[in-house]
Protein chains: 2
Amino acid sequence: MKPYKEMSKEELLSLKAELEKEFEDAKGKGLKLDMSRGKPTTVQLDMTMGIMDALDAESDMNAENGMDTRNYGLMDGIPEAKRLFGDMMGGVPAENVIVYGNASLSIMYDTVSRCMTHGVLGSTPWCKLDKVKFLCPAPGYDRHFAITQLFGIEMITIPMTSEGPDMDLVEKYVSEDPAVKGIWCVPKYSNPQGISYSDETVRRFAALKPAAEDFRIYWDNAYAIHHLYEDEQDQILEILSECEKAGNPDMVYEFVSTSKVSFSGAGVAAFASSKANVEEVKKFLTIQTIGYDKVNQLRHVRFFKNLDGMLEHMRKHADIMRPKFEAVLRVLDQELGGRGIGEWTRPRGGYFISFDAMEGCAKAIVAKCKEAGVVLTGAGATFPYGIDPKDSNIRIAPSYPTSEEMAAATDLFVLCVKLVSVEKLLETV
Amino acid sequence: MKPYKEMSKEELLSLKAELEKEFEDAKGKGLKLDMSRGKPTTVQLDMTMGIMDALDAESDMNAENGMDTRNYGLMDGIPEAKRLFGDMMGGVPAENVIVYGNASLSIMYDTVSRCMTHGVLGSTPWCKLDKVKFLCPAPGYDRHFAITQLFGIEMITIPMTSEGPDMDLVEKYVSEDPAVKGIWCVPKYSNPQGISYSDETVRRFAALKPAAEDFRIYWDNAYAIHHLYEDEQDQILEILSECEKAGNPDMVYEFVSTSKVSFSGAGVAAFASSKANVEEVKKFLTIQTIGYDKVNQLRHVRFFKNLDGMLEHMRKHADIMRPKFEAVLRVLDQELGGRGIGEWTRPRGGYFISFDAMEGCAKAIVAKCKEAGVVLTGAGATFPYGIDPKDSNIRIAPSYPTSEEMAAATDLFVLCVKLVSVEKLLETV
């Protein structure tokens with residue numbers, strides 16, 4: 001394969017003509033595919049239908065502590081759900097866990113919102129401060145950035161390395177700037193790169209010396225058990241105990257959910273933190289709600305039973321997800337390998353493949369794909385304020401279409417990458 | 001019956017001795033009853049167990065618009081649930097409804113919290129203002145007052161009349177003071193008095209001329225369909241359309257839930273308002289959550305089918321609640337009628353009976369009851385800041401114990417009322 005950059009103007013022009021013809025043909029196929037969101041496919045949702053029978057009209061509706069899940073009470077969740085979610089987070093004790101309703105994103109929003117109005121463990125409410133900043137490892141999760149943006153929090157982009165965020169930069173900002181109150185992290189199979197934080201990265205996080213007493217690590221363990229392979233699985237250190245060991249017990253808020261384990265539209269989410277942080281949140285919960293859906297918590301525990309049951313279930317998810325990831329990677333390798341016009345990740349879990357095009361090409365590639373019927377996540381979405389300074393990163397979400405559709409969509413994608421890259425190169429030769 | 005106030009000192013002293021003996025006997029019975037919270041009893045929860053079979057592993061999980069309730073999407077709820085909740089609120093169009101997860105209290109908290117950080121339709125966020133005030137008709141719901149207190153909002157007590165809040169006062173405060181941003185209302189079978197707002201009251205609400213553009217009526221329609229009798233039911237005017245007619249379409253936030261229809265621990269809650277307000281909330285929801293539990297919404301609609309199904313179900317609740325209310329009222333009438341030491345309400349729906357003791361007696365009565373094993377809602381809880389200026393109001397919640405237990409608990413209650421009243425009267429004779 002000849003790298004595009006080594007081609008002469010004539011070669012590029014002739015290639016462009018060829019690609020343009022291919023693109024016109026592709027448009028004619030009338031594709032209509034969505035690779036934009038990390039959304040489980042119907043087959044995956046069907047796999048969980050057994051949960052609908054986990055409780056029926058004859059079921060004992062009491063939690064293991066004898067509390068009736070149908071009635072008021074138990075603001076912080078039923079004990080067996082606290083245990084299950086603690087296990088899911090890598091062995092967090094149940095007393096450090098609070099179980100919520102559907103959607104961990106709501107817990108994150110709620111947490112930031114509470115900091116705005118009430119601060120953290122007695123600190124000044126953020127809405128009374130001139131400036132509040134968050135560190136945003138990027139490419140990252142667009143919905144994290146949307147929350148901090150909504151609250152007017154200044155977002156500072158932190159580049160990602162293959163071991164997690166650039167920790168030199170993180171340490172510098174956190175220790176020097178008291179306006180830095182948080183950092184968004186997806187520590188395992190990160191969104192969108194599929195990177196898992198190395199042990200050294202986690203330990204450096206745990207050992208941070210924040211200038212702000214109310215600095216917290218927002219640890220969104222969204223893909224804690226979302227492996228693609230049985231034999232090659234990433235494992236990360238359990239952050240709460242690492243922080244405790246490092247003398248920073250209160251420095252982490254951890255979030256987790258079953259959105260991509262059971263149902264995205266009817267799962268259960270949980271929060272974990274130190275004793276002091278959990279006590280503070282519970283104090284608010286007694287005012288904020290009369291309790292989250294405990295019957296759905298019970299339904300989940302009765303269906304999965306324990307972490308082993310959950311992991312067994314996740315193997316079925318992996319069997320569906322793996323071929324889709326492989327279909328994408330096969331096309332990328334075959335069509336773009338050695339051409340020097342893009343790089344991509346090979347995650348061992350999670351929901352995304354991250355693609356870096358040549359600088360200044362991402363928006364044009366996404367637009368071209370759309371023109372021919374394939375919807376990708378908007379270019380820039382993986383960066384704070386939706387602005388990718390290099391206009392390079394594209395998030396590929398292979399979960400929703402079938403493997404065949406994924407292959408077809410990726411064929412179109414690589415075609416658009418080639419075409420846009422050639423056009424870009426022609427601007428300068 | 002001789003009113004206590006007409007008794008001589010000697011009569012009072014002899015009565016006191018008699019009552020004290022009775023009280024010692026009562027303590028010996030080792031009662032252990034809870035009349036403190038409006039909590040459905042197990043029989044009521046059992047009545048709803050059919051809902052657990054409304055969906056099973058074989059069910060079609062699509063909403064009527066074809067959306068898969070198990071997946072992401074439909075942030076504002078499934079269409080059939082929006083319709084059902086609109087009907088429950090007295091005929092609010094589905095497009096004005098947003099369906100949430102369990103607990104309407106969370107929606108109210110969330111609403112106040114959003115006003116604090118972002119204001120209302122572009123107004124100044126409340127956290128940037130020196131002073132924010134809420135009107136609090138009292139006696140009222142303690143958890144409403146807890147929310148506004150948490151956010152440092154100044155609460156102004158508004159006396160209740162038999163037709164609702166004192167509207168002369170409400171009109172005065174709302175039209176004159178731009179710091180007044182809201183009023184807490186339970187318009188039907190109010191908590192704790194069971195008062196339903198008269199048509200005139202609702203119309204005066206709809207015609208308010210607020211000094212603050214971001215003033216809203218927080219209309220907690222918690223007992224919209226919670227009648228005790230088939231033949232005597234209160235009906236209130238539908239507030240959204242009244243406000244629209246009066247030229248104040250955006251002035252109301254309405255809240256409702258199935259906490260006391262299906263399960264308190266696993267129900268569905270909803271919000272309704274004008275088009276502009278609903279649009280604003282939806283804008284936040286896209287950032288705040290990936291969606292509420294749509295499967296539970298579907299489960300509710302499949303079980304109840306429509307408003308008629310819900311009303312039919314509420315008749316069964318009434319059959320359980322009515323005898324308990326009547327047991328309490330029978331004892332109150334018999335033991336306290338004509339004695340001049342207390343007044344009480346005779347609600348036709350809702351969850352509470354409100355009792356007004358002689359001034360300065362409520363705390364002592366609640367303490368005496370507790371001493372003998374009957375837990376009542378803390379005296380003062382029905383007023384802002386937990387302070388009843390007259391120390392007179394006591395909320396009786398008859399739902400959780402059985403009718404027999406309720407009769408026994410009320411026997412003790414009236415004994416404590418008599419004893420504390422005699423002691424009070426002896427202070428001044």
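Quantities reported herein were computed from a predicted structural model and do not represent experimental measurements. Throughout, protein chains are lettered first and strands after them, A, B, ... in sequence-line order, and every chain is numbered starting at 1.
Listed here is the closest heavy atom pair of A:D293 and B:N102: N-ND2, 4.0 Å. Across A:R143 and B:T286, no two heavy atoms sit closer than the pair NH1-O, 2.9 Å. Across all non-hydrogen atoms, the minimal contact from B:Y72 to A:S259 is OH-CB, 3.6 Å. Residues B:M52 and A:D56 approach most closely at CB-C, 3.4 Å, considering heavy atoms. Between B:T289 and A:A103 the shortest heavy-atom distance is OG1-CB, 3.7 Å. A:I287 and B:L105 make their closest contact through O-CD2, 3.5 Å (heavy atoms, listed as atom of the first residue, atom of the second, distance).
Only the side chain of A:R299 comes within contact range of chain B, with at least one heavy atom under 4.5 Å from a heavy atom of that chain. Heavy atoms closer than 4.5 Å to chain B are found nowhere in A:M108, neither backbone nor side chain. Heavy-atom distances place the side chain of A:D68, and not its backbone, under 4.5 Å from chain B. Interface remark: A:Y100 contributes no atoms to any contact with chain B (heavy atom separation under 4.5 Å).
Here A:Q288 is the residue among A:K39, A:Q288, A:K128, A:Q149 with the most heavy-atom pairs under 4.5 Å with chain B. Interface summary for chain A: among B:A266, B:S262, B:G101, B:A57, the most heavy-atom pairs under 4.5 angstrom belong to B:A57. Counting heavy-atom pairs under 4.5 Å between each of B:C127, B:A54, B:G267 and chain A puts B:C127 at the top. Highest contact tally toward chain A, considering only B:G73, B:P125, B:P40, is held by B:P40 [criterion: heavy-atom pairs under 4.5 Å]. In terms of heavy-atom pairs under 4.5 Å with chain A, the best-connected choice from B:M116, B:R70, B:Q44, B:H118 is B:R70.
Distance check: B:M49 CE to A:S59 OG gives 6.0 Å after rounding to the nearest 0.5 Å. Distance check: B:I290 CD1 to A:Y109 OH gives 15.0 Å after rounding to the nearest 0.5 Å.
In this structure, B:E58 and A:D53 have side chains that are not in contact, with every pair of non-hydrogen atoms separated by 4.5 Å or more. Contact annotation: the side chain of B:T42 never approaches that of A:N71 to less than 4.5 Å [non-hydrogen atoms, C-beta and beyond].
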Item to check | Derivation of the side-chain contact (heavy atoms from CB on, under 4.5 Å) call for A:N296 and B:N296 | outcome: CA-CA 9 Å; A:N296 205 32; B:N296 204 33; over 6 Å; no
Next on the checklist: Applying side-chain contact (heavy atoms from CB on, under 4.5 Å) to B:F284 and A:L150, what does each step give before you reach the verdict?
Outcome noted: CA-CA 9 Å; B:F284 279 83; A:L150 180 73; 3.7 Å; yes
